[in-house]
Amino acid sequence: SDESFIAYAAAAPNLALIKYWGKRDSRLVLPLNNSISVTLDDQLMRTVTMATASPEFAEDFVELNGKPVEVTDRMRAVLQSLRQRCQRGQDLASWKVRVATRNSFPTAAGLASSSSGLCAFAVAVARLADTLRWLSTVARLGSGSACRSLFAGFAEWSAGQRPDGVDSTASQLASAGHWDLRVLVCVVGAGAKSAPSTQAMARTVATSSLLPARLSCLPDRLAAVREAVAGRDFASLAEMSMRDSNCLHAVCADTYPPVHYLTDASRAIIDFVHRLNEASGRVVLGYTADAGPNVCLLAQPADVHLAAGCLQRAFDIGQVVGDLGEAADNSKVPSDWAGDGSGGEGATARHRIESLLICRLGRGALDIPQAEAAACFDSD
Ligand code: PMV
């Protein structure tokens, strides 16, 4: 019909270095702590979304990669909040919307797609309603982590203190160009089905006696990460990320009943990183793992080639995607180093890494022009 509006958005997933875990208000999606993330490159991984509003639609409707999906309460909260703010007049605010979403990365790979998915959802519907104010709030209602994908490079989401959540917003800490970090996503495949983060974090808040200890050490850790980003201090950023990831999974193990996300393969990658750093006499890699078994490695560009080579010696890697970079001087790692603790004998079973995705940091959803998102939507 002539009487319809259409809008597009694209967003890349973000990876938290200091994790969000636990809500102070679950209806408004207000977190207990600040979190800091890096936004990954939308060239390698992105969600693109087309939102249409028409007086002819009978219901709100959402599809992912061509298949209808449930319109969740979270999605309804995003739609409701944007209907209230709609700048295109009351008619459009009362129309139903259709949201079609495409992920350029395999959803089957088990990569956390909620940050890019709900961010693109929020931005597309906000463009439809012609209201780009309060986008942090809107994206946050879809999925907490989504508000960080609005921004390029390094982002921090403040917990805020107000009960209405107006001070719980995300903002950019540093641009992607400020520091050329690389993220090596180790997709280890699906383990046992992971507990959804919403339920798991609610159970942590209700039962874990370690959570208060985590929260009390976070202000110092957040300050150290801000400082590491400002000063491009890789060793410090990597160490803080590793410690925070370990802390998150410890708190998950302390949840009752416990929440387990890491598998033997995840733990093998974590141990590999510590052995590589030890053998190299410096911090070559950091790691961090979210609410699932995949482990993301942090590296400086000059070390990507070396890290990938060492990973290939220690793991059975399915495919490598992305820019491996140039071979650099790796003389500090013994040539017979197998990284599996076997001293190069290859005595232990090699764990499988389905894919190794090598990403740069990239643009925020707000930086990706609507016309570009539309073109991606047609090609993805
Ligand atoms: O935004 P959610 O509800 O998918 O929760 C994300 C939780 C973690 O990914 C584990 C941590 C984070 O800060 O992204």
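In each ligand, atom 1 is the first atom listed, and ligand 1 is the first ligand listed.
Geometrically, ligand 1 and R148 share a nitrogen or oxygen pair separated by less than 3.5 Å. Remark: ligand 1 and S197 share an N or O pair separated by less than 3.5 Å (distance only, no angle test). Between S143 and ligand 1, at least one pair of N/O atoms sits closer than 3.5 Å.
Atoms of ligand 1 lying under 4.0 Å from any heavy atom of S145, numbered from 1 in the order shown and given with element: 1 (O), 2 (P), 4 (O), 14 (O). Taking every heavy atom of M201 and a limit of under 4.0 angstrom, the matching atoms of ligand 1 come to 5 (O). Shown in contact with A291 at under 4.0 Å from a heavy atom are these atoms of ligand 1, numbered in order with element: 10 (C). Short contacts between ligand 1 and A16, defined as distances under 4.0 Å to a heavy atom of the residue, involve ligand atoms 12 (C), 13 (O), 14 (O). Applying the 4.0 Å criterion to heavy atoms of G144 picks out, from ligand 1, the atoms 1 (O). Shown in contact with S114 at under 4.0 Å from a heavy atom are these atoms of ligand 1, numbered in order with element: 4 (O).
Both tests pass for R98 against the ring of F57: distance under 6.0 Å to the centre and angle within 45° of the axis. A cation-pi geometry, defined here as NZ or CZ lying under 6.0 Å from the six-membered ring centre and within 45° of its normal, does not hold between R203 and Y256.
Of the residues T47, N103, D42, the one that meets the side chain to side chain donor-acceptor pair (under 3.5 Å) test with S116 is T47.
Here L298 contributes atom CG and R182 contributes atom CZ; the two are 12.5 Å apart, rounded to the nearest 0.5 Å. Atom-to-atom distance recorded for F121:CZ and T49:OG1 is 8.5 Å, nearest 0.5 angstrom. The CZ atom of F377 lies 4.5 Å from the CE atom of M50; values are rounded to the nearest 0.5 Å.
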**OP:** Mind running side-chain contact (heavy atoms from CB on, under 4.5 Å) on L237 and V229 for me, showing each step along the way?
**Re:** CA-CA 7 Å; L237 186 85; V229 170; 3.9 Å; yes

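Heavy-atom separations between W21 and ligand 1 include at least one value shorter than 4.0 Å.
Within the 4.0 Å heavy-atom criterion, neither part of R140 lies near ligand 1.
Under 3.5 Å, the side chains of T255 and T204 contain a donor-acceptor pair of N or O atoms.
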